[in-house]
Student: 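Input: one structure, supplied below.
Every heavy atom of this structure was used, including side-chain atoms; hydrogens, water molecules and symmetry mates were not.
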Amino acid sequence: IIEEKSKTDIKQRISKMTASFLQYGVTVEMIQNKYKLSNIEEINEEQLKELGNIFKDIKSKKIKVEDVFKKENKDIVAEAMAKNKKEVAE
């Protein structure tokens with residue numbers, strides 16, 4: 001039962017984390033590429049903690065999205081941010 005709760009908890013944390021990153025143009029695919037995952041649910045506790053720190057640094061403008069996520073994703077970042085702004089405006 002504890003293991004099931006743990007899996008549910010990590011799924012909720014992944015969901016919150018991906019939604020938070022999307023505000024900055026970081027997609028699930030970009031996170032998966034960073035950690036070479038085929039599915040975001042494969043992410044482990046250590047990677048989640050690292051992403052939390054990365055998010056804090058992006059939010060506080062200590063680092064840029066492009067500093068952490070591959071430059072080839074720059075167009076994806078711009079596209080995701082434009083899409084997010086459009087959705088927020090609606």
Student: With side chains defined as the heavy atoms from C-beta onward, is the minimum distance between I54 and K34 less than 4.5 Å?
Tutor: yes
Student: Looking at every heavy atom in both I10 and N44, which two are closest together, and how far apart are they?
Tutor: CD1-C, 4.4 Å
Student: With ring pair (Phe, Tyr, Trp, His ring centres under 6.0 Å) as the rule and sequence neighbours excluded, what pairs involving residues 27-51 come up?
Tutor: none
Student: Considering residues at least two apart in sequence or located in another chain, which fulfil the side-chain hydrogen bond (donor to acceptor under 3.5 Å, both in side chains) criterion with E41?
Tutor: none
Student: How long is the gap from CE on M30 to OG1 on T18, to the nearest 0.5 Å?
Tutor: 13.0 Å
Student: Look at the side chain of Q12 and the backbone N and O of D9, then say whether any donor-acceptor pair between them is shorter than 3.5 Å.
Tutor: no
Student: Just wondering, do F69 and Y24 contact through their side chains at under 4.5 Å, heavy atoms?
Tutor: no
Student: Starting at CD1 of I40, measure out to CD1 of I31 and round the result to the nearest 0.5 Å.
Tutor: 5.0 Å
Student: List for me each residue that meets side-chain contact (heavy atoms from CB on, under 4.5 Å) alongside S20, sequence neighbours excluded, and say none if there are none.
Tutor: Q23, F55
Student: My understanding is that only residues two or more places apart in sequence, or in another chain, count here; which of them pass side-chain hydrogen bond (donor to acceptor under 3.5 Å, both in side chains) with E42?
Tutor: S38
Student: Would you compute the distance between atom CG of N33 and atom OG1 of T27 and round it to the nearest 0.5 angstrom?
Tutor: 7.5 Å
Student: Not counting sequence neighbours, list each pair that qualifies as a salt bridge (Lys or Arg N to Asp or Glu O under 4.0 Å) and has a residue in residues 44-58.
Tutor: R13-E45
